[in-house]
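Take a look at the structure set out below.
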Amino acid sequence: MSSKVSTTRPLYCGDLARLSGVSADTVRFYERRNLLFPAARSSASYRVFSPDSIARMRLIRAGLSIGFSVTELADIFRERNSGGAPCRRVRKLAAEKLAVLEKRLRELQSWRRELRSTLSAWDRMLAKTPRGKQARLLEKFSTHPKTHTRLLGRGIQKRGEQ
């Protein structure tokens, strides 16, 4: 986060973006979602942020990096800005995120064991399959009971979905 822009004077959107390592679109998005305090406007209608916005951007990026959503951060900041103390809620949310992560890690470890076992079985099948003949490896994998549960029962989840 380095730039030639002074951090003691108000910052234009692009300056804040550069100093924070994000795009100007991201800064505007955070402002719209109430993660940043609303920017003042210059006489030319440019967004002008206070130098304190750099610390807020670091806080936002840190929160996002450990799994907080934009909506969760906005709610936390709203409570904090109105004089509330969301600390216990923040702690509870982080604990929930850890529980989800630990569950996902167990699932991934199980999947890794399953894939290792499948690869070993495929290696044995390939060793018995003449060169140029089909071993039909995918068909063997698709009939595996755990595969059906994983692929059909839950589906592939995107980050943030549960």
Side-chain angles (χ1 to χ4, degrees), residues 1-3 13-38 49 52-82 84-162:
M1 288 192 190
S2 66
S3 177
C13 184
D15 298 333
L16 179 57
R18 229 177 346 276
L19 288 166
S20 302
V22 300
S23 69
D25 285 340
T26 298
V27 171
R28 289 187 290 271
F29 173 73
Y30 290 167
E31 182 188 17
R32 280 192 311 274
R33 296 300 305 269
N34 298 314
L35 295 176
L36 291 171
F37 292 109
F49 293 91
D52 296 339
S53 297
I54 296 170
R56 182 65 154 232
M57 287 294 291
R58 286 186 185 125
L59 187 59
I60 293 164
R61 302 302 293 168
L64 292 172
S65 76
I66 61 169
F68 285 93
S69 70
V70 167
T71 302
E72 289 168 334
L73 289 174
D75 291 343
I76 291 164
F77 291 160
R78 184 176 15 267
E79 183 177 343
R80 182 196 249 185
N81 295 342
S82 66
C87 303
R88 293 188 189 283
R89 190 164 129 230
V90 168
R91 168 63 171 82
K92 182 177 182 250
L93 284 169
E96 290 169 1
K97 289 174 188 328
L98 178 60
V100 168
L101 179 61
E102 287 175 342
K103 179 180 182 221
R104 184 69 176 135
L105 282 171
R106 284 190 301 275
E107 291 170 350
L108 288 170
Q109 289 168 342
S110 172
W111 196 0
R112 180 179 60 192
R113 284 189 300 274
E114 186 179 328
L115 282 171
R116 282 182 177 157
S117 173
T118 299
L119 287 170
S120 292
W122 285 357
D123 288 343
R124 288 189 299 276
M125 289 173 62
L126 287 172
K128 295 176 186 175
T129 304
R131 192 164 284 295
K133 295 288 183 178
Q134 295 181 355
R136 311 292 276 183
L137 299 178
L138 288 177
E139 284 77 3
K140 303 296 184 205
F141 189 65
S142 68
T143 59
H144 194 285
K146 284 186 180 180
T147 305
H148 281 291
T149 302
R150 178 174 288 111
L151 297 178
L152 301 176
R154 285 187 6 190
I156 297 174
Q157 296 178 344
K158 293 181 183 173
R159 185 177 180 192
E161 292 181 349
Q162 294 182 351

Self-check item: S23-T26 side chain donor-acceptor pair, cut-off 3.5 Å
Solution: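 Yes, T26 and S23 have a side-chain donor paired with an acceptor closer than 3.5 Å.
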Quiz item: Which is it for C13 and F49 under the side-chain contact (heavy atoms from CB on, under 4.5 Å) test, yes or no, and what are the steps along the way?
Solution: CA-CA 7 Å; C13 184; F49 293 91; 4.1 Å; yes
Going from [atom1] on [X] to [atom2] on [Y], what distance comes out if it is rounded to the nearest 0.5 angstrom?
X   : Y   : atom1 : atom2 : answer
I66 : L98 : CD1   : CG    : 10.5 Å
L59 : R61 : CG    : CZ    : 12.0 Å
R18 : I54 : CZ    : CD1   : 11.0 Å

Min side-chain heavy-atom separation [X]-[Y] under 4.5 Å:
X    : Y    : answer
D75  : R78  : yes
L137 : T118 : no
L16  : L36  : yes
L35  : F29  : no
F77  : I60  : yes

Just by modelled atom types, is the [Y] backbone N or O under 3.5 Å from a matching donor or acceptor in the [X] side chain?
X    : Y    : value
S20  : A17  : no
E72  : S69  : yes
S110 : R106 : no
S117 : R113 : no

Quiz item: Applying salt bridge (charged side-chain N to carboxylate O under 4.0 Å, His left out), which residue pairs with at least one partner in residues 23-36 are found, sequence neighbours left out?
Solution: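 Listed by first then second residue: D25-R28, E31-R47.
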Quiz item: For residues 116-131, which residue pairs qualify under salt bridge (charged side-chain N to carboxylate O under 4.0 Å, His left out), counting only residues two or more places apart or in two chains?
Solution: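 Sorted pair list comes back empty.
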Quiz prompt | Test log, rule side-chain contact (heavy atoms from CB on, under 4.5 Å), inputs F68 and I76 | solution = CA-CA 10 Å; F68 285 93; I76 291 164; 4.0 Å; yes
Quiz item: How about R89: does its CZ atom have over 12 heavy atoms from other parts shown lying under 6.0 Å from it?
Solution: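 Yes.
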Practice problem: Could you please spell out the steps behind the side-chain contact (heavy atoms from CB on, under 4.5 Å) verdict for K97 and K92? | Solution: CA-CA 9 Å; K97 289 174 188 328; K92 182 177 182 250; over 6 Å; no
Exercise. Just do the side-chain contact (heavy atoms from CB on, under 4.5 Å) check on Y30 and L73 with the steps written out, would you?
Key: CA-CA 10 Å; Y30 290 167; L73 289 174; over 6 Å; no
